[in-house]
Amino acid sequence: MNELSVTTPPPYGGGGKGGEASYQVIIIGGGPAGYTAAEAAGKAGRSVLLIEKQSLGGVCLNEGCIPTKTLLYSAKTYDAARHASKYAVSAGEVSFDLPKIIARKSKVVRKLVLGVKGKLTVNNVTIVTGEAHIVDAHTVRCGEDTYEGENLILCTGSETFIPPIPGVDKVNYWTHREALDNKELPASLAIVGGGVIGMEFASFFNSLGVEVTVIEMMDEILGGMDKELSAMLRAEYAKRGIKFLLSTKVVSLAQADEGAVVSYENAEGAGSVTAEKLLMSVGRRPVTKGFGLENLNLERTERGSIVVNEKMQSSLPNVYVCGDLTGFSLLAHTAVREAEVAVHHITGKEDAMSYRAIPGVVYTNPEIAGVGQTEETLKAKGISYRAVSLPMAYSGRFVAENEGVNGVCKVLLGEDDTILGAHVLGNPASEIITLAGMAVEMKMKAAEWKKIVFPHPTVAEIFREAL
C-alpha cells in the first residue's frame, strides 16, 4: 500500500448545528463499495447516511456488470441452441428476440436494485437521492440539506472516458450505456478499444450475427490479462468472423450516410472502417469532480488517485476512500472488499486490504479469467518463475460439456513452488478462478494445494492436474 502522512482534522462536535442531521457514517455513492459499506456499518449499529445521485447499485448494477452479463447469457444460450447438434440434440430453427432480451435485462436490474434497497432499509440506512457536495471532512450538503458525520466514506465510482479524437463530437457513437438499451441490431459495428468492455460487447453482437471490427491501440486485446491466453481468445473470435486491428491508432472519426467512419493508422499505413454503429470503449476513469473533493485537499498520487493506507484511510483519518477513486482496481469485487475493510476499521475490527489476489474475468464465450501475477508482470519485476500449462481437455467434465472446444489452464510458480498466479481460458473460468485466488492470497505452495481434495468430475480439477 502507499505510505501517506495523515493529517488530523478539527475535532468532530458530535451533534448537528442549526437543525443539521448528524450521522456516525456518511457515504457518498451507492455502487458496490457504497452500498456494501452502508449495509456493513448499519449491521454494526452505526447511524448511516448514503447519498446517491442516480440509482442504487451504481454503474455495476445498472449499466455495467449485471446487465452485460444478462445479455451475454442470452447470447450464450442462443449459441448453445444453434450448436445443439454437437450434443446429439435437435433444436429445430433457433431465433432470438432482441427487444425481449433487453426487457429481461431491465427486469433483472430492477429486481437486484430493489434487493439492495431492501438490505439497506433493513439495516436502518438513511438513503438520500441527490448530488452530494463535500463542505469539509465532517460536513456534506445535498440540495438544501446539510449533514454532519463522524466518518466520511467516498465511493464515487468511475465514468466512461472518451478520448479527444478529432471528429468525436460530430459522430453518433455508443457508449456501453446505449449499447445496453439498443433494441435494433446494426448490420455492422466498429468497436474502438479491445479491453474487457469492448470484447464482451464484441462477443454479444458477434453471436447475434453482427459484423464486428475491433480496433485496439495495443499489440494485443485485454491488456492486463495473460497475453498468451488473450491471443488464443482473439484467434477464436477471429474464426467466428470478428476482424481485429491491433497496434492501430484511431486518428479521426466522421459521420457518413452509411454510418460512422473510423480512420486509423498502423504499421501497414492509413486506412478506415465504416460501420453502421460505433462503440467507444477505451476505458473508464475515476470520478473526481463535481462533489467537492477539492475541499478536503487529500494527498494524491502522480496520476491523481487518492492515496490510502491498508485501512482505506486517506490523509484525513476520518475520510475513507473505496472503489474506483483509489485507482488500484476499477472492479466491483475490489470495491466491495475495500468497503468492508473501511467499515471494519471504523467499527474497531482488525482488518487490512490486500491486492495480492484480485481476480479478473472477461465474460466472453469462452470465458477468460486470471488472478495474481501474469508472466508479463513477473518478467517486468525480474521475478523468477516457471509456467505450467495444461489443455482444458485434461478435465473430463470440460470435455463432456465443451464438444470441439479448446482451452488452457496456466499456473505460475515461484522458485520455491509458491503459487504466484493462475490463468484460465475456457468455461466456466469465472467460477473456478476463486480457487486459484485463495491459493495466491494464502501463498500456498504447489504441494499444499495439491493436497486439497477436489470433487470429481469438475472443471476445477484442472488446477490439481496442472501441478
Side-chain angles (χ1 to χ4, degrees), residues 12 14-16 19-67 69-70 103-134 138-158 180 287 291 312 318-325 331-349 351:
Y12 172 68
E20 299 167 343
S22 177
Y23 294 87
Q24 289 171 298
V25 180
I26 295 178
I27 301 163
I28 299 178
Y35 68 68
T36 298
E39 181 184 357
K43 277 185 178 178
R46 300 305 193 269
S47 57
V48 182
L49 170 68
L50 174 64
I51 304 175
E52 166 57 47
K53 66 180 180 179
Q54 294 176 327
S55 300
L56 285 175
V59 169
C60 174
L61 182 48
N62 291 280
E63 55 187 65
C65 316
I66 299 301
K69 278 54 186 182
T70 307
R104 179 176 178 270
K105 176 267 300 181
S106 300
K107 182 182 72 173
V108 168
V109 169
R110 285 194 301 271
K111 180 178 181 179
L112 294 176
V113 168
L114 287 173
V116 169
K117 185 175 182 180
K119 282 186 175 182
L120 298 179
T121 301
V122 165
N123 289 288
N124 300 312
V125 175
T126 300
I127 303 170
V128 171
T129 302
E131 294 195 12
H133 182 79
I134 299 168
H138 290 295
T139 312
V140 177
R141 204 168 54 240
C142 184
E144 299 298 318
D145 299 315
T146 302
Y147 306 93
E148 287 197 352
E150 293 179 37
N151 298 285
L152 180 61
I153 306 180
L154 308 181
C155 311
T156 53
S158 60
L180 282 170
V287 175
F291 60 98
M312 306 313 300
N318 74 304
V319 178
Y320 297 77
V321 182
C322 304
D324 300 345
L325 194 53
L331 296 169
H333 42 278
T334 307
V336 166
R337 177 65 185 132
E338 289 173 336
E340 291 172 346
V341 170
V343 172
H344 285 166
H345 189 255
I346 289 171
T347 56
K349 292 183 178 180
D351 202 355

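No hydrogens, no waters, no symmetry mates; every other heavy atom, side chains included, goes into these values.
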| field | side-chain contact (heavy atoms from CB on, under 4.5 Å) partner of Ile153, chosen from Ile26, Asn318, Val319, Ile27 | value |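 Going through Ile26, Asn318, Val319, Ile27 one by one, the side-chain contact (heavy atoms from CB on, under 4.5 Å) with Ile153 is satisfied by Ile27 alone.
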Hey, could you give me the CG/NE2 distance between Asn151 and His138, rounded to the nearest 0.5 Å?
->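 NE2 of His138 is found 8.0 Å from CG of Asn151.
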### Task
For Ser158 and Asp324, work out which heavy atoms get closest and say how close.
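Residues Ser158 and Asp324, closest heavy atoms: OG-OD2, 2.7 Å.
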Does some side-chain heavy atom of Tyr320 sit less than 4.5 Å from a side-chain heavy atom of His345?
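His345 reaches Tyr320 side chain to side chain.
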(message) Please report the interatomic distance NZ(Lys53) to CD(Glu131), rounded to the nearest 0.5 Å.
(response)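 It is 5.5 Å, given to the nearest 0.5 Å.
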Should we count NZ of Lys69 as having more than 12 external heavy atoms under 6.0 Å?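 Correct, the count exceeds 12.
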key: Heavy-atom side-chain contact between Val343 and Val25 under 4.5 Å   =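 In short, these two side chains do not touch, never coming nearer than 4.5 Å.
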Mark yes or no for whether Thr156, through its side chain, and Gly29, through its backbone, hold a donor-acceptor pair below 3.5 Å.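 Judged by distance alone, no pair lies under 3.5 Å.
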Looking only at non-hydrogen atoms, find the nearest pair between Glu148 and Thr139 and report the distance.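 Here Glu148 and Thr139 meet closest at CG-OG1, 4.3 Å.
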Point-to-point distance, once rounded to the nearest 0.5 Å, from OH of Tyr147 to CG of Leu152: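 Atom-to-atom, Tyr147:OH and Leu152:CG are 14.0 Å apart.
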Nearest non-hydrogen partners of Gly57 and Asn62, listed with the distance: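 Shortest heavy-atom separation between Gly57 and Asn62 comes out as C-ND2, 3.7 Å.
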Closest approach of Gly130 to Ile51 (non-hydrogen atoms, all atoms of both residues):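 In this case the closest contact between Gly130 and Ile51 is O-CG2, 3.5 Å.
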Fill in: Straight-line distance of Cys155 SG to Leu325 CG, nearest 0.5 Å
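Result: 8.5 Å between the selected atoms.
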Exercise for review: Taking the side chain as every heavy atom from C-beta outward, state whether Asn123 and Val48 have any atom pair closer than 4.5 Å.
Suggested key: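 Not in contact.
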Exercise. Give a yes or no on whether the backbone of Glu150 and the side-chain of Gln24 come within a donor-acceptor separation of less than 3.5 Å.
Key: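 Checking the backbone N and O of Glu150 against the side chain of Gln24, no donor-acceptor pair under 3.5 Å is found.
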*Nearest heavy atoms of Ala332 and Cys65, plus distance in Å*: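 For Ala332 and Cys65, the tightest heavy-atom pair comes out as CB-SG, 4.1 Å.
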Between atom OH of Tyr35 and atom NZ of Lys119, what is the distance when rounded to the nearest 0.5 Å?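 Taking OH in Tyr35 and NZ in Lys119, the distance rounds to 7.5 Å.
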Check your understanding: If you look at every heavy atom in Glu39 and Leu120, which pair is closest and at what distance?
Key ->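 Shortest heavy-atom separation between Glu39 and Leu120 comes out as N-CD2, 3.7 Å.
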First locate atom CE of Met312, then atom CD of Glu340, and finally report the distance between them rounded to the nearest 0.5 Å.
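If we round to the nearest 0.5 Å, Met312:CE and Glu340:CD are 12.0 Å apart.
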